[in-house]
Structure formats: C-alpha cells, structure tokens
Amino acid sequence: MEVVPMPAIILTFFLFFFPNGPSLTLSAGWSDERSALLSFKSHVSNDPNGALATWGSSDVCNWTGVACDMATRRVVKLVLRDQKLSGEVSPALGNLSHLNILNLSGNLFTGRVPSELGNLFRLNILDISANSVAGRIPPELGNLSSLNSLDLSGNYLTGEVPPELGNLSKLKQLSIGNNNLEGPIPTELTRIRNLFYLNLGENNLSGHIPEAIFCNFSALQYIDLSTNSLDGKIPIRGDCPLPDLMFLVLWSNNLVGGIPSSISNSTKLKWLLLESNFLTGELPSDMFSNMRNLTLLYLSYNYLESPENNTNLEPFFASLTNCTELKELGIAGNEIAGTIPPLVGRLSGLRQLHLEYNRIFGPIPANLSDLANLTALNLSHNLLNGSIPPGVAGMQRLERVDLSNNLLFGEIPPSLGMIPRLGLVDLSHNRLTGAVPATLSNLTQLRVLVLSHNRLSGAIPSSLAQCVNLQNFDLSHNVLHGTIPADLSELTSLLYLNLSGNVLEGPIPVTISKMVMLQVLNLSSNRLSGAIPPQLGSCVALEYLNVSGNALDGGLPDSVAALPFLQVLDVSYNGLTGALPLSLVTSASLQTVNFSYNGFSGEVPSAGAFATFPADAFLGNTGLCGSVAGLARCGGGAKHRRVVLPVVITVIGFTLAIIGVAVRRAAAAATSSAEARRDSRRSMLLTDAVDEPMEPLADGTADNGGGVPRDHSPQGRSHQTPGRCSRNMARGMRSVTMTASEQSCSTSDSSF
C-alpha cells in the first residue's frame, strides 16, 4: 500500500471540501490589503503621534486605526481621525474593496482626493474633512452606490460640484462646505431623496437655489448654504412642507424678496439664520408663534421694516413670546423704526439681544432688566434717548453691553459696576454727564471700557487700576480734569489708551512705561505740561503715539524716537525744543509724523525715514533747516541767522554806546566853552572827567551787547522771550485763550 505524504493529504482535503480554492483567494486578498495599507503609510510624510508605529506586524487587523470583519478577516474600517498626519492620501486605498468606513478627518493631508476611492462600492462613510486637500471633487465618487455620508468640508477644493453626486441614491449626509467651490448648485443633487443633512456653505457658489431642494428633500433637517453668492428668492413654498426642518442657514448671500410665510410650517425649527442678505418687507409677526423650539433667530443686515409703516415693533416681539427656548435674537442693521416694547421683558430665556444700527427711538424700557439670563446687549447706533435704567444691575449674567451712538443723557448708573461678569462696556457718543463711577473698578473681568464723546466731568478715578484685565480704555472727548492717575500703570494688559480731548493737567506719568503691551497711546488736546518721559521707550509694543496740542517742553527723547514698532508719532503744537533725534532716520516702521509748531532747531536729515515725511510735518519750527520743501537751507538760511543775529545786535549796541559818549562830550564842551577859552588847561581836565566814568560803564555792560543796562535794551528783551512765547503760541494754535502777556509776544516770535 502506497503511503501518501502529509502535504498531499492536506491538499486533497482542501480540494475536496473547497474545490474553488478559497484559501488561495483569501491569501491574495490579505496580501492586496496589506500592500494598500503599506502604500498609504509610505505616503505619510509625518506622524507626530506615532499612529502608524504598529503598521508592520503580520496581522493588519491589529494595526492602529484598522478594523477587520471577524469572519472574513478583511479590512472594513480605516479610522485615523485627528492624528496630525501629513502627506498625501494614497490612491492604493481604492484597493480596500471591503472597506465600509474611511475616516481621515482632522489631519494635515494635502494633494488631491484620489479618484480611485470611487472603486470602494461597499463604502458607507467617507470623511476627509478638515484637511488641506485641493483640486476638484472626483466625479468617480458618484459610483459609491452604498454611501450614506460624504464629508469633504474644511479643505481647499475647487471647481464645480460634480453632478455625478446626484447618483448617490442612499446618501443621507452631504457636507462639502468651507471650500472654494464655485458655479451653481447642480439640480442633479435634488435626486437624492433621503438626504436630511446638506452643507454647501462657505464656498463661492452662485445662481439661484433650486426649488426642488426644498420640495424633493422632504426629510431635510439641516441645510446650510451660507456665505456664498447665491441670489434670487428663498424658494420655500407652501405646497412643499418641510415638517422635519430644524436648521435653515442662508446668511451672507445675495438673496432678495421677503421672508416666505411658509417657513411657519416648519414648527420644529431651531435655527433661522437669514442675516446679511437683501431681504425686504416687514418683520414677520405671525410666523413664530408655533415654533416653541426656536433657539437662534437672526434677520440682521437686510432691508426689513417694522409693521404699520415701520412704526410698531410690538407685533414682532409679541410673536416671539411663545418661543420659550429662544436664546439669541438679532434684527440689527435694518431700516427698523419704532420703540422697544415693554413686552421684550417676557423673553426671559434670551441670552443675546442685537438691535444695533436701526432707527429705534424712545427710552430703554425699565423692564429690560427682567432679561436675567442676558449675556450680550447691543442697542448701539439708534436714536434712543432718556437715561440708562439703573435696574440694569439686575442682569447679573451680562458680559457685554453696547449702548453707544445714541442720544442717552443723565449719569452713568453706579449700579453698572455691580455686574461681575462684564467684559465690555461701550457708552460712547451719547450725552452722558456726571463723573465716571468709581464702582466700575469692581469689574475685574472688564476688557473694554469706552466712554468717549460724552460730557463726563470730574477726575479719572484712580481705582480703575483695579480693572487689571483692561485692554481697551477710552475716555476721550469729555471734560475730565485733574491729572492722569499714576496708578493706571497697574493696567499692564492695556493695549489701547485714549484720554485725548479733555482738560487734563500736570505731567505725563512716568509710570506709563510699565504698560509694556501698550500699542496705542493718545493724550492729545489736553493741558499736559513738563517733558515727555524718556521712560516711554520701555513701551516697546507702541505703534501709535499722539501727545499733540499740550504744553509739553524739553526735547523729544531718543528712546521714544527709537521705538521699534512705532508707525505714527504726533508731537505737534507743544513747546518742544532741541534737535530731532537721529534715531528717527533708521526707523523701519514709522509712516506718519507731525513735529509742527514747536521750537525744534537744527538740520532735518534727508535720509532714511525722513525722505518720506511731508513738508507740513515741520511747519512752525523756524529753527529747522534742511532740504525739505519749505525749510531754509542750512548753508545760509535759518541756521546762519542764528549765528549772525547776536553779532549784529552786539555791534549795534557798541555803536549806540559810542554815539552816547560823543553826545555827552559835546554837551559838556558846549556848557564849558567860555571857561575853556579863558583856561585851556581846565577844559582839558573837564574833558578827562567825562571820559573816566565811561570805562567802567563799558566794562560793566559788555555782556549786554550795548552801552545801556539790560532791562532797557530792546534787543535784550527780545532775547529773553523766544522759549516762553513759542509755548504761548502753541496754546494759541489750539484755540486756547491767551493771556495779555502771551498775546504781546506772539508776533515777536514770528521771526524765530
């Protein structure tokens, strides 16, 4: 009996039970999938998290991100989400023929979406969102007949939306927003009847919205077409109800016409975002009464009006009282007029209210304070009058309040300082009076405080230094007086400080130098005096410095001129003297300067940054010379006069002294002529007696430049005044009333 070798027995066994040789097929399939995955790995140029470190062992099913079917051991999932992988997506992934899920979202892949992915006919989910892939969407993706979800959003894809995507009959979610896609929305997409999520927002799509989108997608729950260039009307019809619609996002397009009343059929609506279009008509007053789930309603920046010829806001607000889930309401930037109705206080769940940039008039309702959950209130740029309700303190969750650019009057309620979460307060451009409340110092979370262009008076509370998180501080154009509190230097996070247009006095605090993050400092049009502190050079982030229109003296510090990021420097209309710092020549950032109407002297450089400065930047500095248009040449102009003039005055003085001596001698000779004739010897003695006192007179008055005492010399008086008069002229140029002594010397300075 012949003995069959063991390998032959095993082969006979498999051939008997598996005549088609499945083991060979499986082995080939595993090999193909392994090769595809290794090809994918080879296309990855950076793997900082080591996600592919296990890719190399014998069993691919144990590799990170890979999942296999338990029965067939074929790869069915490849999920490598948020791994910071760089490189390109390998076309070899198209060989993973059993793949159900491919998720590479949240990485740094570049290149293109491989058209070979269209071979994955078993694929249910394809997600390559939030990467940096570019190029066109492959039309081959329309072959993925089993696909339920396609997400390519957040990339740099270009071209048009492929009509072939309309073949994805099983698709339920399509997200290709936040790319650079262009062209119209293909009508072929409307063949996808089961679609409930559609995101085409943040592209460059144009044309009309196809009507069939809202008629054929009866299961639609979410649609985002925002931030495109779509035009035409919103094609929502009453005969095409959208009973399941919850999110309608169409903002930032070119849509026209009115808000379709048939939207009221979508009673499950949570978001209605139609802002930044060209919609017209009245604010809906009967649309929202059954939308109890409405959370966000934004109709801002259109051309909507209030009912009753744009006079009555009450019907609109009344229709919202049943929207008990409403959190954010925006109707800003329309043509809306009328008063804010008291029933606004019934929207108790509201967290944000935006009514800015309208023509709303009348007082702020006192019961607005009933909105206890409000975090943001913006009523700016309207025609509101009356006072700020003191009950505003009842809104303890308020974080931002903007009432600027209205006609509000009265005092700022001290209770405003009792709202602990306030981070922004803007009451600028009103008619508010009284003092800046010291209670504002309680707002330790405050980052922006803007009270400019009002009629506030009194001193700046030094306690505001307790607002340690303040970044923007603007009290400009009020009637504040006193000195700038040195304690403000504790605001080390400050980026913007504007105290201009007040009546502040005293020196610029040296402690401002502690504000090392300061980018803008404007102290112009006050009554500040003293020197510009050299310590301001420590504010190394400073980009804008304006101290014009004050009574500052001394020189312009080199440390200030050498600030590395300074773009704008205005020191005009002061009494500054000395030469312009040479460090300005090498400034790489300086763009705008104004040195006019000071007492600067010396030569203006023509190189570096000075070559770009206009002539009017140097006006009113008669001591300056140089090649700048309007200035005297340094060779024989103003600089020469400053040397020659004292010499001329000295010569004139000596000449007057000689003439005076001669006159006195002649007078003495006339009165003694008779005696001189009788006694020539005595005449000689008298003549010697007149000459002898002149020698000490000449010696004693040599420093005065003449033979008369200093107090009576016209030249001596004019030499006493240039510094004082130039400062007085600086004040005069700012329309500040000059004293009689200042007026008396204002013309004498014109020659200096």
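What's counted below: heavy atoms across the whole structure, side chains too, no hydrogens, waters or symmetry copies. This is a predicted model, so every value here is computed, not measured.
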Query raised in the report: With no hydrogens and no angle check, is any side-chain donor or acceptor of N178 less than 3.5 Å from a backbone partner on E202?
Result: no
Query - All side chain to side chain contact (heavy atoms under 4.5 Å, CB included) counterparts of Q591, not counting sequence neighbours - result: Q567
Query raised in the report: Counting distance only, does the side-chain N/O of N204 pair as donor-acceptor with the main-chain N or O of N228 below 3.5 Å?
Result: no
Query raised in the report: Is the closest basic N to carboxylate O distance between E399 and R397 below 4.0 Å?
Result: no
Requested in this report: Start with the C-alpha distance between I176 and L181, add both sets of side-chain angles, then the distance that settles side chain to side chain contact (heavy atoms under 4.5 Å, CB included), and finish with yes or no.
Outcome: CA-CA 9 Å; I176 51 178; L181 301 172; 3.9 Å; yes
Query raised in the report: Hey, which of V249, L250, L297 is the one that makes side chain to side chain contact (heavy atoms under 4.5 Å, CB included) with L273?
Result: V249
Query raised in the report: Hey, does the side chain of S266 reach the backbone of K268 with a donor-acceptor pair shorter than 3.5 angstrom?
Result: no
Query raised in the report: Any sub-3.5 Å donor-acceptor pair from N155's side-chain atoms to L157's backbone N or O?
Result: no
Query raised in the report: With no hydrogens and no angle check, is any side-chain donor or acceptor of D151 less than 3.5 Å from a backbone partner on S153?
Result: yes
Query raised in the report: Would you say the side-chain atoms of N194 pair up with the backbone N or O of K172, donor to acceptor, closer than 3.5 Å?
Result: no
Report task. Tell me, yes or no, whether the heavy-atom count around Y357 atom OH, taken from other residues, nucleotides or ligands under 6.0 Å, exceeds 12. Result -> no
Report task. In sequence, state the C-alpha distance, the side-chain angles, and the governing distance for I223 and F247, and then conclude on side chain to side chain contact (heavy atoms under 4.5 Å, CB included). Result -> CA-CA 6 Å; I223 180 168; F247 304 93; over 6 Å; no
Query raised in the report: Does E211 pair with R237 as a salt bridge, N-O distance under 4.0 Å?
Result: yes
Report summary line: Here the disulfide bond (SG atoms under 2.5 Å apart) pairs for residues 75-147, sequence neighbours left out, are none
Query - Basic-acidic side-chain contact under 4.0 Å: R74, E33 - result: yes
**Report entry** Check: N199 side chain, G201 main-chain N or O, donor-acceptor pair, under 3.5 Å
**Finding:** yes
Report task. Look at the side chain of N107 and the backbone N and O of L80, then say whether any donor-acceptor pair between them is shorter than 3.5 Å. Result -> yes
Query raised in the report: Taking the side chain from D402 and the backbone from S404, do they hold a donor-acceptor pair closer than 3.5 Å?
Result: yes
Report task. Locate the shortest heavy-atom distance separating F278 from N302; write the atom from each residue and the value. Result -> N-OD1, 3.3 Å
Report task. In plain terms, say whether K41 and D47 are close enough for a salt bridge, that is, a side-chain N and a carboxylate O under 4.0 Å apart. Result -> no
Report task. Measure the shortest side-chain to side-chain distance between H354 and I331 over non-hydrogen atoms and say whether it is less than 4.5 angstrom. Result -> no
